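Everything numeric here is computed off the predicted structure, so don't read it as measured data.
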Amino acid sequence: MRPKLVFEMLRAAYGPQHWWPGDSPFEVIVGAVLTQNTAWANVEKAIANLKKARLLTPSRMAKAPLAKIRRAIKPSGYYNQKSRRVKAIASYLAKHYGDDLTGFLGQPACALKHEVESWKGVGPETRDSILLYAAGKPVFVVDAYTVRAANRAGLTKKRAYRDVQEFFESSLPRNARLLNEFHALFVRLGRECCAKKKPRCGECPLRKPCLRTGLPR
DNA sequence: GGCCAGGTCAAAG
DNA sequence: CTTTGACATGGC
């Protein structure tokens, strides 16, 4: 099946997903780190705490005591390492760009990518999420759901990030709006019917292939 | 109580 | 270069 058809099937089944929830690019960047291997509901609590503590600008977070950040993001888990990482990112941004990230995000995608992936705690998925959802660059974001769903549906055989990403990007327009929606739809698909142990293929928009290949991967 | 969640890093093999 | 363990909370 072609990526474009997959997109249309998911879009028809689920409709617009309105990603990424967030009031500012910095909030999206912080959220991208906090959501690593963590349920979004927990991240929402952490973000709300950060807002209440007025910590959601690079300069304010950079100046805040680590313990204060740690306390605020506690619900999102891994708070010891995540608090250090988001604070380091805030310090970097505050130092080089201040609180207005327009210039930072407006760079060519390639330059922005190299800058973002140099941050500790930012791997391939978080990097691409920042590029797509904070900067609006046309990148296909791969996550665990995407790999699992794409494998089960027989779209891809490889599991490496780059391999899956290339499969999708190679035959899709470089359109940020489309890629934004596509990744969000894959996460929805993952939550609804590609659970690790008990997939619910009966409600899956890609039902047929999912039934064929069956279980975890 | 066990499994899972919008992963990443450092240390081994 | 690929695999493994640690990191932590909250909902079902």
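Spacing between dG6(B) and dC7(C) at atom P, rounded to whole Å, works out to 22 Å.
Ring to ring, W19(A) and W40(A) are not that close: their centroids are 6.0 angstrom or more apart. No close placement of the F140(A) and F167(A) rings is indicated, their centers lying 6.0 Å or farther apart.
Distance R85(A) CZ to dG7(B) C1': 9 Å, rounded to the nearest Å. Across the protein-nucleic acid pair, K197(A) atom NZ and dA5(B) atom C1' stand 15 Å apart, rounded to whole Å. Between N80(A) atom CG and dT9(C) atom C1' the separation is 12 Å, expressed in whole Å. Atom P of nucleotide dC9(B) and atom CZ of R84(A) are separated by 16 Å, given to the nearest angstrom. Atom CD in E44(A) sits about 17 Å away from atom P in dA5(B), given to the nearest Å. As a whole-Å value, the separation of Y78(A) OH from dA6(C) P is 12 Å. Following rounding to the nearest Å, N42(A) (CG) and dC7(C) (P) show an atom-to-atom distance of 19 Å.
When heavy atoms are screened at a 4.0 angstrom cut-off, K45(A) is found touching the sugar-phosphate backbone but no base atom.
When the nucleotides dG10(C), dT8(B), dG6(B) are ranked by their closest atom to the side chain of R191(A), dG6(B) comes out on top. In the set dT9(C), dA5(B), dC9(B), the nucleotide with an atom closest to the side chain of K120(A) is dC9(B). Minimum atom distance to the side chain of P75(A) is reached by dG10(C), of the listed dC4(B), dG10(C), dC9(B).
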Quiz item: Given E169(A) and R174(A), is the salt bridge (Lys or Arg N to Asp or Glu O under 4.0 Å) satisfied, shown in steps?
Solution: CA-CA 8 Å; E169(A) 285 192 345; R174(A) 304 177 80 76; 5.3 Å; no
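A salt bridge is absent between K113(A) and E117(A); no separation between the charged side-chain nitrogens and carboxylate oxygens falls under 4.0 Å.
Here W40(A) packs flat against the base of dG6(B); its ring centre is closer than 5.5 angstrom to the base's six-membered ring, tilted by less than 30 degrees.
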